[in-house]
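As structure tokens, the structure follows; a few thoughts come after it.
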There are 2 protein chains.
Amino acid sequence: MSRDLPPLNALRAFEAAARLESVSQAAEELHVTHGAVSRQIRALEEHLELVLFVREGRGVKLTEAGVRLRDAASDAFERLRGVCAELRQAAVDRPFVLGCPGSLLVRWFIPRLDRLNRELPELRLQLSTSQGELDPRSPNVDATLLFAEPPWPADMQVHELARECIGPVLSPRYARFADLQAAAPARLLDEALLHTASRPQAWPEWARAQGLDEQSLRLGQGFEHLYYLLEAAVAGLGVAIAPQQLVADDLAAGRLAAPWGFVETPARLALWVPTRRNDRRAERLAEWLRGEL
Amino acid sequence: MSRDLPPLNALRAFEAAARLESVSQAAEELHVTHGAVSRQIRALEEHLELVLFVREGRGVKLTEAGVRLRDAASDAFERLRGVCAELRQAAVDRPFVLGCPGSLLVRWFIPRLDRLNRELPELRLQLSTSQGELDPRSPNVDATLLFAEPPWPADMQVHELARECIGPVLSPRYARFADLQAAAPARLLDEALLHTASRPQAWPEWARAQGLDEQSLRLGQGFEHLYYLLEAAVAGLGVAIAPQQLVADDLAAGRLAAPWGFVETPARLALWVPTRRNDRRAERLAEWLRGEL
DNA sequence: CATATTCGTGAGTTTTCCTGACAGGTTGAG
DNA sequence: CTCAACCTGTCAGGAAAACTCACGAATATG
């Protein structure tokens, strides 16, 4: 019996009352009524089978045992407070690691990174684009930015940022650009359709949205990553299909054109935050991203 | 917000789980289910906005922050445990102070003290008979043994030990002892009735119980304390009235006689323990006293 | 002497916490 | 591979703890 701890909440009430030499002030500090503190102290005294306070009419006074317990409890609590504060500070100071696919990183994020670091400096954002598959549950990332379709997993808090819109893009330097520019979507069936292994559904999805027969698609050159695919399109090697967000800068600069516009897909650009990491910084980042899109 | 303590019960659950590296074992140590521990740890993680454990299939592993918190918490708790144990040990080692009227002390307790100290040595009994009025609420006594009538005060835990029985006693050396020995109680009205200021009701009470007219009592010599009264009776100075318990030894030794027996009064010989002092030792003492009576 | 504080206590209610059962996932043996 | 053993997380519901509110007692204060 002597090996177990005293009731800790009672000890906290006692510590406050002992430090302030007043039940009422302790109650105020703990945001409860004095009755609650009184009862907690009583419970502690009964647990320890010790008298900690001498009640003298108005006010209370510590007994000898009370003084010793207060010293120990104040010290222990102060220490815990300190460690918790340190840990939380360390968590805030640590850079915020955002996982992100390479293509999104290069074609969308990097051009905006400077502004983000200026507008949210306390975030200390650090981008991480792993080699293999992106793992939003990895302990090495605080959040992950990606294109994905609902429903969302239960262990993730997902901030939806934008709908994904995909569409064919090609460079003005592409051989038949002039012909294609004003042509109907169906004309694309005859072109070299660049694609990636990571998004095999992109062209068929687009074809369906345009009312075309997806069976008649003839896929041309394939690329491992969307990033290479877009580089190839910019270089005029063919017609690529890509999310609008990733080519927005290229369209604005005239490096690419999207004559047939974009169509919505079921996917969203979303920020995934593991529910376990109840991190305020993720919310600030999501808000900034939403403003940026 | 960083100034307040983490939820302490959650911290206790975490500390156990971290020390044992197992939620289930922690649950066993704390005598709760693993679900409860899991919830507490979760609550702590949410409060601190920190990940303390990495769940890996079977078993859990501490994060870096978790290790630091465990070290701090284990240390703090161990310290508190130690101080509480010390305080309780000190309370046990301290002598048990029993308040007691002088007459009871001298005529009943002292002859039995040696045996009590042999049978309850860990009690380290210390008897205190104050000069003035006995105060069961004094912080200087752990319990008080006295004759008193119910009802009992609410702030006292009262162990009733025996009914008070009073009766006239006199020494065989008393002048008219031979005449009185077999006489009716009414004969006492003519004798020198020794009495004390502290128990003015004793003779009238006894007279009523005997069916005598209490108005016709003629009180003789008065004494300040019952103790002196009894000494006077033993010395053959007159007829005293006293509780049976206080004269039992004198009756057995033939120093006093009680030809008219004893009558019950509303009072009890009782051990009063302040409710605040939830002291096991008082209960042990009460039990011993009950056996002795 | 009335008044304002301060503490203790009891009844009733809110909140918390625990239990018990189930689901998901890993480990190791057959 | 399958299966059992084991560990953890989660949820609904109910027990237990804690709080609030109101009152009474005791003591300073004007």
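As the structure is a prediction and not an experimental result, all values here were calculated from the model. Order of the sequence lines sets the chain letters (A, B, ...), proteins ahead of strands, with each chain counted from 1.
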*Does B:E29 CD have over 12 foreign heavy atoms under 6.0 Å away?*
yes

*Where along residues 10-29 of chain B does a heavy atom come under 4.0 Å from DNA chain D, residue by residue in number order?*
B:S22, B:V23, B:S24

_Smallest separation among heavy atoms of A:A202 and A:I166, with atom names_ = O-CD1, 3.6 Å

*Please determine, by modelled atom types, if B:S22 and B:S24 share a side-chain donor-acceptor pair under 3.5 angstrom.*
no

*asked:* In this structure, how many angstroms lie between the P atom of C:dT16 and the NE2 atom of B:H47, rounded?
replied: 14 Å

_For the CD atom on B:E160, are there more than 12 heavy atoms of other groups (residues, nucleotides or ligands in this structure) within a distance under 6.0 Å?_
yes

*Could you walk me through whether B:E15 and B:S74 pass the side-chain hydrogen bond (donor to acceptor under 3.5 Å, both in side chains) check?*
CA-CA 6 Å; B:E15 191 272 339; B:S74 293; 2.6 Å; yes

*How would you list, by chain and number, every residue that makes a salt bridge (charged side-chain N to carboxylate O under 4.0 Å, His left out) with B:E205, sequence neighbours excluded?*
none

*CZ of A:R42 versus P of D:dC19: gap in Å, rounded?*
16 Å

*Using atom NZ of A:K61 as one end and atom C1' of D:dT27 as the other, report the distance to the nearest whole Å.*
15 Å

*Is the phosphate of D:dC7, meaning OP1 or OP2, less than 4.0 Å from a side-chain N or O of B:R55?*
no

*Only one of B:R284, B:R280, B:R94 passes salt bridge (charged side-chain N to carboxylate O under 4.0 Å, His left out) with B:E122; say which it is.*
B:R284

*asked:* Give the residues of residues 31-41 of chain B touching DNA chain D, defined as any heavy atom closer than 4.0 Å, sorted by residue number.
replied: B:H34, B:G35, B:S38, B:R39

*Starting from P on C:dC17, measure out to CG on A:L8 and report it in whole angstrom.*
12 Å

_Whether A:D4 and B:R81 form a salt bridge (side-chain N of Lys/Arg under 4.0 Å from carboxylate O of Asp/Glu) is what I want to check._
no

_Rounded distance in Å - CG (B:N9) to C1' (D:dA18)_ = 11 Å

*Distance, rounded to the nearest Å, where B:E46 contributes CD and C:dT16 contributes C1'*: 15 Å

*How many Å lie between CZ on A:R58 and P on D:dT27, as a whole number?*
11 Å

_Would B:R42 and B:F14 count as a cation-pi pair here, with the cationic atom under 6.0 angstrom from the ring centre and within 45° of the axis?_
no

